[in-house]
Amino acid sequence: MSEESIIVVGGGIAGLTSAALLAKEGYPVTLVEAHNQLGGCAGTFQRGSYTFDVGATQVAGLEKGGIHHRLFNYLDIALPSAQVLDPGCSVLLGDGTKPINLWHDPLRWEKERQEQFPGSESFWSLCSLIHKSNWAFVDRDPILPVGNFWDLSQLIRAIRPSNLLTGVFSKLTIADLLKITGCHTDRRLQRFLDLQLKLYSQESASRTAALYGATVLQMAQAPRGLWHLHGSMQILSDLLKNSFLRDGGTLLIGHRVTKIVKEKNANAFSIDVIDRKKHFISLNASDIVFSLPPQSLLDLIPIEGGLSSTYRARINNLPKPSGALVFYGALCRSDLPVNCPSHIQIFDDNFGSLFISISIEHDKRAPVGMATLIASIFVDVDDWSNLDSQSYKSKKNIIAKQIIAIINNHLGLRENSWTHQELSTPRSFERWTGRPGGIVGGLGQHPSQFGPFGLSSRTSLKGLWLCGDSIYPGEGTAGVSQSSMMVVRQLMERKGRSLNIPVFT
Ligand SMILES: Cc1cc2nc3c(=O)[nH]c(=O)nc-3n(C[C@H](O)[C@H](O)[C@H](O)COP(=O)(O)OP(=O)(O)OC[C@H]3O[C@@H](n4cnc5c(N)ncnc54)[C@H](O)[C@@H]3O)c2cc1C
């Protein structure tokens with residue numbers, strides 16, 4: 001082990017991005033991934049001639065200046081081929097009213113929301129103000145939450161007068177913004193916001209931090225945007241992997257980290273790894289970038305293995321994230337309604353938000369004339385954890401039928417429209433991604449968990465760093481990439497170097 005050797009645990013987008021950046025900077029890096037495939041929640045799987053995205057289906061941050069665009073330029077790799085989604089999503093409130101289309105053109109979106117939610121412009125103007133102020137801040141690479149003087153210096157450097165103004169909203173929720181602007185009596189708007197925010201923040205309008213919600217509510221519009229990747233989501237991981245290997249990184253795929261220990265007064269970590277043939281390997285590193293949910297630390301680091309008891313308690317007391325049920329189906333494209341949007345969100349009395357992603361003709365997910373359809377809902381992982389195998393199977397069958405019925409009803413499909421159907425549960429996500437209990441999406445973006453009040457990428461153990469969807473700025477491939485850039489900057493600063501990635505090149 002050289003003094004600078006680094007191990008990255010987990011090869012989802014967060015781990016891959018961190019590993020690629022560190023390798024590009026010349027550090028000896030080993031990326032350890034448990035699955036036989038990279039990508040985690042943004043990976044794919046194959047069923048016959050269909051390719052299904054496991055979880056993530058839309059990508060933010062591919063526009064010029066967006067985080068993927070920025071990092072890919074810096075890593076000197078080509079951007080994946082993608083098309084901007086217009087509308088980014090079509091939202092059905094389940095009350096028989098017209099779908100709300102999140103158009104890419106800001107003026108068209110303004111017209112749409114004026115028609116859909118008359119009298120709500122003061123709310124949207126306030127969101128727009130916060131959104132612009134947030135981006136001016138984020139583009140200057142703040143470190144949040146602050147853990148030392150260097151972090152503080154980076155935070156201060158990023159602050160602009162507009163941030164001081166919008167900072168007064170830091171403890172407020174989106175529901176508070178509705179009240180401030182007098183829009184809180186609009187029930188349709190409330191339901192729309194609840195649905196959209198659940199998707200991006202795991203919380204309703206009354207529990208989503210105003211500073212976070214105002215930004216994600218405008219993610220589909222230029223100059224930002226939501227993108228559909230050609231091929232599949234896997235392309236994002238493949239490109240990052242190529243960059244990592246090109247720059248000399250070592251990839252241990254199909255290798256699960258089972259234990260991380262740092263003896264008292266030791267400079268290095270000792271990491272136990274097991275491969276698929278049950279061979280044990282022991283690795284050493286000066287630093288570990290840990291991209292799994294922080295809850296996994298409790299199992300991987302023994303009580304005497306280094307984490308302070310206060311830190312263990314902090315992790316133990318984190319709010320419990322949701323799990324997801326995801327339906328993967330395939331069907332004849334001609335059975336879909338004419339001009340069917342590729343992304344649809346439906347309110348359902350039973351499930352709340354049902355988010356549907358349909359492949360686009362020639363995007364290589366399905367043969368010509370066919371389409372894949374992925375539909376996800378949020379669930380409590382505890383509802384799935386303690387079932388015996390019979391109850392689990394029967395619950396899965398019942399829920400799959402209910403989801404299919406909702407989709408059939410909304411899209412006018414028949415039972416025999418489908419050529420493939422399967423459902424994944426939190427148990428499947430636990431198996432696929434190693435996330436404890438199948439939790440997904442990081443911590444909900446409640447004001448008590450957002451930004452300055454969230455979990456730091458620094459831990460109680462020097463040299464152990466966190467990134468991924470529980471770290472600022474939160475979930476999504478764009479969010480976790482931002483967290484990776486942040487953690488690499490912190491780690492490099494600790495080693496006496498700096499990393500500056502230009503926003504526009
Ligand atoms: C249903 C669903 C829909 C989503 N939709 C979108 C969307 O449309 N757009 C979007 O941007 N985001 C979406 N997301 C969120 C997005 O997918 C995640 O926020 C992001 O991919 C998380 O990346 P990560 O690297 O932090 O974690 P993960 O993707 O969970 O990666 C962790 C990796 O660590 C590996 N691992 C686990 N345990 C070990 C171990 N012990 N040793 C070694 N390796 C280990 C896993 O195999 C995995 O590859 C969605 C998520 C879900 C679940």
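Remember, it's 1-based here, ligands and their atoms both numbered in the order they're listed.
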Quiz item: Should Trp432 be listed as contacting ligand 1, given a heavy-atom distance under 4.0 Å as the test?
Solution: yes
Quiz item: Nearest to atom 28 (P) of ligand 1 by heavy atom, Arg435, His68, His228: which?
Solution: Arg435
Quiz prompt | Over 12 non-hydrogen atoms of neighbours within 6.0 angstrom of NZ in Lys364 | solution = no
Quiz item: Under a heavy-atom criterion of less than 4.0 Å, does Ala60 contact ligand 1?
Solution: no
Quiz item: Taking NZ, NE, NH1 and NH2 as the nitrogens, is one of them in Asp53 or Arg365 under 4.0 Å from a carboxylate oxygen of the other?
Solution: yes
Exercise. Around atom 45 (C) of ligand 1, find the nearest protein heavy atom and jot down its residue, atom name and distance.
Key: Ala34 CB, 3.6 Å
Quiz item: Does Leu38 reach the side chain of Leu16, with side-chain heavy atoms less than 4.5 Å apart?
Solution: yes
Self-check item: From Met219, Glu33, Arg431 - option closest to atom 48 (C) of ligand 1 by heavy atom
Solution: Glu33
Practice problem: Select one of side chain, backbone, both or neither to describe which atoms of Val480 lie under 4.0 Å from any atom of ligand 1, heavy atoms only. | Solution: side chain
Self-check item: Carboxylate-amine/guanidinium proximity below 4.0 Å for Asp76 and Lys24
Solution: no
Quiz item: For ligand 1, is there an atom lying under 4.0 Å from some heavy atom of His255?
Solution: yes
Quiz item: So is Val59 close enough to ligand 1, meaning a heavy atom under 4.0 angstrom away?
Solution: no
Quiz item: Taking NZ, NE, NH1 and NH2 as the nitrogens, is one of them in Asp141 or Arg70 under 4.0 Å from a carboxylate oxygen of the other?
Solution: yes
Quiz item: Any idea which part of Val326 is under 4.0 Å from ligand 1, heavy-atom wise: side chain, backbone, both or neither?
Solution: side chain
